[in-house]
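Owing to the predicted nature of the structure, the values given are computational and were not obtained by experimental measurement. Within every chain, numbering begins at 1; the chains are lettered A, B, ... in the order of the sequence lines, protein sequences first and strands thereafter.
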Number of protein chains: 2
Amino acid sequence: MKKQEKPPLRVDAARNREHVLAIARELMAQGDASLQLNQVARAAGVGVGTVYRHFPTRQALLEALVNEHLESLVVQARAAEAASEPRQGLHHFLRAVLKLQLADVGLAEVLSTQEDALPQTSKLKAELGVATQRLLARAHRAGAIRTDVGVDDVRRLICGVVHAVRIGGEPRAASERYLGILMSGMSAPTRRED
Amino acid sequence: MKKQEKPPLRVDAARNREHVLAIARELMAQGDASLQLNQVARAAGVGVGTVYRHFPTRQALLEALVNEHLESLVVQARAAEAASEPRQGLHHFLRAVLKLQLADVGLAEVLSTQEDALPQTSKLKAELGVATQRLLARAHRAGAIRTDVGVDDVRRLICGVVHAVRIGGEPRAASERYLGILMSGMSAPTRRED
DNA sequence: CAGGGAAACGGATTCTTTATCCGAATGGCT
DNA sequence: AGCCATTCGGATAAAGAATCCGTTTCCCTG
């Protein structure tokens with residue numbers, strides 16, 4: 001019911017697809033975040049038609065590039081549940097999210113966007129949401145994080161931190177400091193008995 | 001020494017310039033943040049050449065539009081110094097910055113950018129920086145804000161909050177909550193005597 | 001392994017957006 | 001009024017996005 005029959009790719013098509021992805025990744029790594037499809041085509045030595053066939057939009061190509069990293073975040077979120085301290089688990093995980101977004105402009109873009117071009121991206125985002133939710137709920141139960149901070153708030157706020165780190169002048173270890181500020185801001189106010 | 005002779009504008013030129021600005025503001029207000037210069041020209045009923053002459057780049061037009069709001073922020077920053085509570089003064093001021101950026105996409109863009117197209121923008125930003133610095137220093141002296149948080153950090157973090165509010169799904173009063181999280185995160189840790 | 005048909009390829013082409021340039025028009029000054 | 005610098009407007013060039021279709025390549029069948 002869910003999945004339509006999907007005829008497997010022809011070998012040359014699969015090869016081209018991978019090649020385009022590799023070249024696109026390279027261009028991104030060289031600091032060109034514009035990811036213009038015609039430019040990717042030229043760099044990959046294929047016709048623009050080929051690129052557009054495999055990735056109908058810039059967004060689709062971007063997501064295809066990024067999904068690997070997204071997957072890694074899902075894994076790390078699940079791993080973070082093993083931490084003895086719920087608060088530390090969350091902190092470590094958010095640090096990973098931050099670092100990866102800083103290293104991969106595309107990832108930051110995808111995580112800051114609501115609608116996805118690829119179904120797989122939506123699936124991964126949902127998984128990431130669930131895994132994060134578990135981490136967060138644990139921290140809530142431990143009284144470490146304000147209960148009025150939900151999983152979507154965490155996503156948005158960490159994207160905000162990424163933005164803050166990106167736009168700035170002197171680094172001065174901004175990312176670690178800003179993450180600290182966020183964690184401290186999300187902390188439940190220490191209750192004076194009760 | 002500083003300023004070159006600047007021949008005053010011809011009356012028709014001045015009129016056109018104002019008209020273009022007004023139309024551009026209107027387009028922005030209608031939710032079109034793309035601010036394409038040819039589109040502005042069409043809407044204003046002037047040739048593209050006219051627009052490009054007054055505002056050589058999109059960025060220049062954007063800054064011209066936004067400078068009025070920037071100025072208002074400078075005023076509000078200075079006014080906030082009058083608050084009896086340094087922390088509250090800062091809080092109120094940052095709320096104003098946040099609100100204005102949320103209401104004016106262009107302002108958010110300009111405040112998140114380092115280099116300016118217009119000298120006047122740089123001047124206003126500098127003034128805003130100074131005024132904010134005074135507010136912040138006052139809060140530092142009162143022991144309300146971590147001393148490792150500088151004025152540039154404040155700018156970057158508030159832009160981050162704007163980003164976080166913008167990208168999100170359900171609002172649920174996000175802006176006020178996120179501002180609260182930021183303020184709390186920047187607070188100096190309450191010392192247990194000493 | 002030959003041959004046919006579906007799938008994929010490539011790039012010419014069209015459409016849109018961005019930016020420049022210059023002959024015509026207009027305003028200010030004498 | 002008459003001159004000339006300034007401004008105007010839009011034609012035009014250059015760059016980017018997306019489509020379309022004749023040709024090529026692969027894969028399966030006989």
In chain order, what residues pass the side chain to side chain contact (heavy atoms under 4.5 Å, CB included) check against Arg25(A), with sequence neighbours excluded?
Leu65(A), Glu68(A)

For residues 79-87 of chain A, run the donor-acceptor check on the side chains, cut-off 3.5 Å, and write out each pair with its distance to 0.1 Å, sequence neighbours left out.
residue: Glu81(A); atom: OE1; partner: Arg134(A); partner atom: NE; Å: 3.2
residue: Glu81(A); atom: OE1; partner: Arg134(A); partner atom: NH2; Å: 3.1
residue: Glu81(A); atom: OE2; partner: Arg134(A); partner atom: NE; Å: 2.9
residue: Arg87(A); atom: NH1; partner: Ser187(A); partner atom: OG; Å: 2.7
residue: Arg87(A); atom: NH2; partner: Ser187(A); partner atom: OG; Å: 3.4

Counterpart residues, salt bridge (charged side-chain N to carboxylate O under 4.0 Å, His left out), relative to Glu71(A) (two or more places apart):
none

Name the atoms and distances for all side-chain donor-acceptor pairs under 3.5 Å in residues 102-117 of chain B, with sequence neighbours left out.
residue: Asp104(B); atom: OD1; partner: Gly106(B); partner atom: N; Å: 2.9
residue: Asp104(B); atom: OD1; partner: Leu107(B); partner atom: N; Å: 3.1
residue: Asp104(B); atom: OD2; partner: His69(B); partner atom: ND1; Å: 3.0
residue: Glu109(B); atom: OE1; partner: Arg58(B); partner atom: NH2; Å: 3.4
residue: Glu109(B); atom: OE2; partner: Arg58(B); partner atom: NH1; Å: 2.9
residue: Ser112(B); atom: OG; partner: His163(A); partner atom: NE2; Å: 3.1
residue: Ser112(B); atom: OG; partner: Ala108(B); partner atom: O; Å: 3.2
residue: Thr113(B); atom: OG1; partner: Glu109(B); partner atom: O; Å: 2.7
residue: Gln114(B); atom: OE1; partner: Gly169(A); partner atom: N; Å: 3.3
residue: Asp116(B); atom: OD1; partner: Lys125(B); partner atom: NZ; Å: 2.6
residue: Asp116(B); atom: OD2; partner: Ser122(B); partner atom: OG; Å: 2.7

Has His140(A) got a side-chain atom pairing as donor or acceptor with Val149(A)'s backbone, closer than 3.5 angstrom?
yes

With sequence neighbours excluded, what pairs up with Gln36(B) under the side chain to side chain contact (heavy atoms under 4.5 Å, CB included) test?
Ser34(B), Asn38(B), Gln39(B)

Is there a side-chain polar atom (N or O) of Asn16(B) under 4.0 Å from OP1 or OP2 of dC8(D)?
yes

Determine, for nucleotides 17-30 of chain D in 5'-to-3' order, which nucleotides have protein heavy atoms under 4.0 Å from the base (write B), from only the sugar-phosphate (write S), or from neither (write -).
SBB-----BSS---

Where does the chain A footprint on DNA chain C start and end, counting 5' to 3' with a 4.0 Å heavy-atom cut-off?
dA6(C) to dA12(C)

Can you list the residues that meet the side chain to side chain contact (heavy atoms under 4.5 Å, CB included) rule with Arg53(A), with sequence neighbours excluded?
Thr50(A)

Measuring to OP1 and OP2 of dG9(D), would you say a side-chain N or O of Thr50(B) lies under 4.0 angstrom away?
yes

Those residues at least two apart in sequence (or on a different chain) that pass side chain to side chain contact (heavy atoms under 4.5 Å, CB included) with Arg172(A) are Glu170(A), Arg177(A), Asp148(B), Asp153(B)

